[in-house]
Amino acid sequence: MSALKQGHLPDLKLGCIADDFTGATDLANNLVRSGMRVVQTIGVPTSPLAAGVDAVVVALKSRTLPAAEAIAQSLEALRWLQAQGAQQIYFKYCSTFDSTPEGNIGPVTEALMDALHTDFTIATPAFPDNGRTVFKGYLFAGHVLLNESGMQNHPLTPMTDPNLVRVMQAQTRRKVGLIDYKTVAQGEAAIHERIAALRAEGVGVAVVDATSNDDLHRLGPALKGMPLLTAGSGVAIGLPANFGLQPSAQASQLPAAKGLQAVVSGSCSVATNAQVAHFKANGQPALAIHPGSLMHGQSNAVVQQVLAWAAPLLKDGPLLVYSTAEPEAVKAAQAQLGVAEAGALVEHALAAVARGLVDLGVQQLVVAGGETSGACVQALGIAQLQIGPQIDPGVPWCHAPSPNGGVHITLKSGNFGSEDFFTNAFKVLA
Ligand code: ADP
């Protein structure tokens with residue numbers, strides 16, 4: 001604190017820029033578990049960092065924006081992080097490399113490289129704890145290649161090519177190369193050597209293989225001092241040690257939970273469909289919102305109906321409001337409304353439901369879906385989240401302080417979480 005009082009910046013080690021909200025908490029979770037004190041901000045803060053933390057994750061909602069807008073927001077986040085004294089920058093994207101052929105992973109990476117005057121960075125979405133592994137540049141989700149995992153049907157960023165060197169090269173002017181599993185297995189010196197060789201070949205971005213946490217721990221030391229890292233959340237587990245930090249229980253402590261419980265789900269991923277089915281099969285109250293019902297200015301009326309349904313039920317335990325649907329139904333809604341319009345209508349409605357539920361006394365809220373989480377967090381006016389204990393790999397509880405005691409909230413990325421996530425989450429918090 002004395003350094004702060006004297007007007008110096010806090011000791012910020014890692015400055016992170018995440019392209020969606022659930023991705024930001026996923027990264028923050030891994031950093032906390034590796035011993036860093038972490039604050040996640042919603043968007044780029046307008047004031048300086050107030051407390052001493054080891055890492056800040058700036059959560060953007062830039063994954064599916066036009067590339068120019070995603071770049072502008074990412075550069076604004078970079079400038080703020082630099083002003084706070086961040087020693088290394090980490091651009092975080094999804095562990096399924098969610099992007100369109102236009103980006104935004106490639107364009108944002110290049111803009112950050114230019115701004116940081118660096119000619120080399122890595123790219124790897126590997127997150128073995130969650131079944132995301134990269135082998136010979138190919139991304140696996142669980143036991144199957146990315147394009148067989150359900151991601152080929154994603155409403156906004158369908159992923160049809162599992163070869164990340166190809167996917168990245170299609171989005172980048174810089175040459176893309178590979179640091180393969182054999183090099184990673186040999187550790188820091190071999191990785192340094194490979195990086196030097198790639199640089200000499202004019203490679204600016206190297207996809208890195210990693211099939212285990214051991215790989216990520218071997219990679220970590222080789223990344224010390226690299227101005228920019230681009231990755232999913234997995235790479236984070238190998239970084240705190242570079243700053244002399246070890247895992248500690250204090251890093252994840254949150255205030256005690258209170259208030260009513262609810263789940264809002266707008267993810268249509270395979271995992272979320274199974275979680276919704278599990279919650280319903282358990283006999284717990286659940287209400288579906290259909291995109292078509294929100295057309296012609298009906299959204300507010302639908303939201304009011306949902307809240308009227310929820311109000312008397314909340315005292316009996318968690319309930320679920322969802323637009324989650326199987327691929328066929330999503331395609332039908334998109335054909336009727338257009339892809340962007342269907343997404344926007346549903347996000348807006350679910351965010352209004354989340355706001356209404358909190359107004360009804362909900363203080364423990366599960367949100368499923370990256371874009372959905374972004375919309376809900378914005379509707380709740382949340383500016384900052386303290387990162388707490390993990391529920392499932394990649395998904396921690398968080399706490400958003402407010403004068404009336406605050407809200408515990410968890411932002412679940414579509415494909416994350418066990419089948420009983422919607423009930424288990426509340427048990428973890430209790
Ligand atoms: P995930 O984390 O699984 O990718 P997101 O919330 O990021 O989930 O993305 C899901 C997108 O699909 C959102 O834009 C959401 O509004 C939209 N969506 C949700 N339900 C439906 C539906 N039934 N039909 C069409 N689009 C939907």
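First listed ligand is number 1; within each ligand, the first listed atom is number 1. Only heavy atoms go into these numbers, but all of them, side chains included; no hydrogens, no water, no symmetry mates.
Judged as a side-chain contact (heavy atoms from CB on, under 4.5 Å), and not counting sequence neighbours, the contacts of V264 are L350, V353, A354, L357, L365, C376. With sequence neighbours left out, the side-chain contact (heavy atoms from CB on, under 4.5 Å) criterion links Q386 to L254, P255.
Close approach of ligand 1 to E371 (heavy-atom distance below 4.0 Å) involves ligand atoms 5 (P), 6 (O), 7 (O). Of all atoms in ligand 1, numbered sequentially from 1 with element shown, those under 4.0 Å from a heavy atom of T372 are 6 (O). The distance from ligand 1 to the heavy atoms of P155 drops below 4.0 Å at these ligand atoms: 12 (O). For ligand 1, the atoms lying closer than 4.0 Å to a non-hydrogen atom of A325 are 23 (N). Residue-ligand proximity, E347 to ligand 1, at heavy-atom distances under 4.0 Å covers atoms 13 (C), 14 (O), 16 (O). Each of the atoms 1 (P), 2 (O), 5 (P), 6 (O), 7 (O), 8 (O) of ligand 1 lies under 4.0 Å from some heavy atom of G370. Numbered from 1 in the order shown, with element, the atoms of ligand 1 that lie under 4.0 Å from a heavy atom of L156 read 14 (O). Distances below 4.0 Å separate heavy atoms of V346 from the following atoms of ligand 1: 16 (O), 19 (C), 20 (N).
Scanning the protein heavy atoms around atom 3 (O) of ligand 1, the nearest turns out to be S267 OG, 2.7 Å. Looking from atom 23 (N) of ligand 1 to the surrounding protein, the closest heavy atom is S323 O, 3.0 Å. In terms of protein heavy atoms, atom 15 (C) of ligand 1 is closest to G266 O, 3.7 Å.
For C268, the heavy-atom gap to ligand 1 drops under 4.0 angstrom. Distances from ligand 1 to the non-hydrogen atoms of R63 include no value under 4.0 Å.
Between T100 and L156, the shortest heavy-atom distance links the atoms CG2-O, 4.0 Å. Closest of all the heavy-atom pairs between P396 and G388 is CB-O, 3.7 Å.
Taking the six-membered ring for Trp and thresholds of 30 and 60 degrees, H408 and W397 have ring planes more than 60 degrees apart, a perpendicular arrangement.
Under the 6.0 Å cut-off for aromatic ring centres, F140 and Y138 do not qualify, their centroids lying 6.0 Å or more apart.
Considering backbone and side-chain N/O of S413, none are found under 3.5 Å from N/O of ligand 1. Taking distance alone, with nitrogen or oxygen atoms compared against 3.5 Å, A342 stays at or beyond that limit from ligand 1.
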Test side-chain hydrogen bond (donor to acceptor under 3.5 Å, both in side chains) applied to T324 and T272, step by step: CA-CA 7 Å; T324 304; T272 308; 5.9 Å; no
Intermediate values then yes/no, salt bridge (charged side-chain N to carboxylate O under 4.0 Å, His left out), R355 and D359: CA-CA 6 Å; R355 171 78 259 170; D359 290 342; 2.8 Å; yes
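Using a 3.5 Å distance cut-off with no hydrogens or angles, the side chains of T423 and Q284 do not pair a donor with an acceptor. Checking K412 against Q275 by side-chain atom types alone, a donor-acceptor pair falls below 3.5 Å.
Under the 3.5 Å distance criterion, the side-chain polar atoms of H290 are left unmatched by any main-chain donor or acceptor of S293.
With a heavy-atom cut-off of 4.0 Å, H154 touches ligand 1 through its side chain alone. Using a 4.0 Å cut-off between heavy atoms, P291 contacts ligand 1 through its side chain alone, with no backbone atom that close.
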